[in-house]
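Here is the structure we will look at, set down as structure tokens.
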Amino acid sequence: MTTYSFPEGFLWGAAASGIQTEGTKNKIHESIWDLWHREQPERFFREIGPETVCETYDRYKDDVQLMKQVGFNSFRTSIQWSRLIKDLETGEPCEDALAFYTAYFEEMIANGITPMINLYHFDMPATLQTQYGGFESKHVVELFVKFARTAFKHFAHLVKHWITFNEPIVPVEGGYLYDFHYPCKKDSKLAVQVGFNITVAHAKTVLAFREMGCDGQIGTVLNLTPSYTRDDRAEDQQAAYYADLLFNRSFLDPMVLNEYPKELCELLDKHGLLPEFNADEMAAIRTAKVDFLGVNYYVPRRVKAREAEYELDYFTPEYYFENYLNPTGRFNPYRDNNEILPTAIYDIAQNIQHNYGNIPWFLAEIGIAMDEGSEGNALEDGMIDDSFRTELMVEHLVQLHHAIDAGANCFGVHQWTFIDNWSWINSFKRRYGFYRLDLATGQRIPKRHGQWFKALAETNAFVAP
Ligand code: IFM
């Protein structure tokens, strides 16, 4: 057996988001998720919408105790724009939201849990989408920065780790290419504009944080999915190159290296997709230095060179490759088509180390999905047996440990998620939590993996073959 120890002060905890946990109580504005669910409930698994969540708004005190019981020393969630801000044009806050978030963050801190707070987790206020087109609009970029300034003004004395955006590419993919987020458009030109505007919103927020002289650090969280090919054939390598350029480097480069890849600009130009931009926006992107990066990893991407003709009448990254299922891959038996590849963690770490200045980073989401029902019922000791999750976590953390040994600047691990939470159109289809949420009673039922995690967090080490 080997003992795998982690650097002193390593962060252990979980990630969640405001909209997926808080509930809608006392919220003044709808988000696009409330709006979409009201208009088209059939698009959501079992028609469950964002009002059915963990009710963190009322239960946060008890939940912080549950965090302690599984050893967290840190926790990420988000401030909902549509909760915090009363006047979306001026950025004036809502008193009730100020009181809620202050009490919630203070409760964490009083219990030894460092809050890491994100400002955007797919939750555009509905009126900003319907009135202006959300991040299609440069005006909404400015409104986002006002919201961020309000958050910094009221919470920077409590929160020392800020995140601008979680997975900024996902609203682009979901809302403008693949139809799984509102506004469900299929428009590549808008997709690129939204991606660019989000990057500007990120950059201007980082600059506002510096200008306000806030004490603490600010970064971003990206879902970085390495692309693997069938073998070394040149056309597949080329396919992987394009997948990486479009899905990873499109945000990683401007947010961490402060510049867009030349090849991406050329590709977008070739397809007539370059966004509208001005010198002020480019200056913001060039100068907004982040302190750290968060990386979300779930599954690898498998690509091969295109064999079939590209048939869509609008551009998507798949113009340059085809996705495929690895015939020799290892798959999660509790979730369809989810390939398991722990070595991807090592590859991500190497990429950051060698191509992104070895910036300090943390594993901001590692999620091990088990489909609803597959975890079984609670055992005699009252716990749910999810030892599958522990086995996989061990394998991934062994790879992370190798990467740290090789020089990776990784400072923490957050599992997705704390209590099973509502997850967009999948609602509660896939469970990821340390605690099961009983939807009928709101009861939190512990899963066994939490005990293993507690020992890991307390000793900052685990033992494995
Ligand atoms: O629920 C989501 C989360 O909001 C972002 N990352 C992936 C999770 C699981 O699908």
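Just follow the structure's listing: the first ligand is 1, and inside any ligand the first atom is 1.
- Residue pairs meeting the side-chain hydrogen bond (donor to acceptor under 3.5 Å, both in side chains) criterion with at least one member in residues 45-54, sequence neighbours excluded: R46-E372.
- Two rings, from Y176 and F135, have their centers 6.0 Å or more apart.
- Salt-bridge formation is not detected for the pair K27/E22: no Lys NZ or Arg NE/NH1/NH2 atom is positioned less than 4.0 Å from an Asp or Glu carboxylate oxygen.
- Once rounded to the nearest 0.5 Å, the distance linking CD1 of I19 with CD1 of I32 reads 7.5 Å.
- In this structure, ligand 1 sits under 4.0 Å from heavy atoms belonging to Q20, H121, F122, N166, E167, Y298, E365, W416, S423, W424, Y432.
- When the options F434, F418, F462, Y435 are evaluated for a ring-ring contact (aromatic ring centres under 6.0 Å, His included) with F453, the one that passes is F434.
- Taking the six-membered ring wherever Trp is involved, the centroid distance between the rings of Y334 and F388 falls below 6.0 Å.
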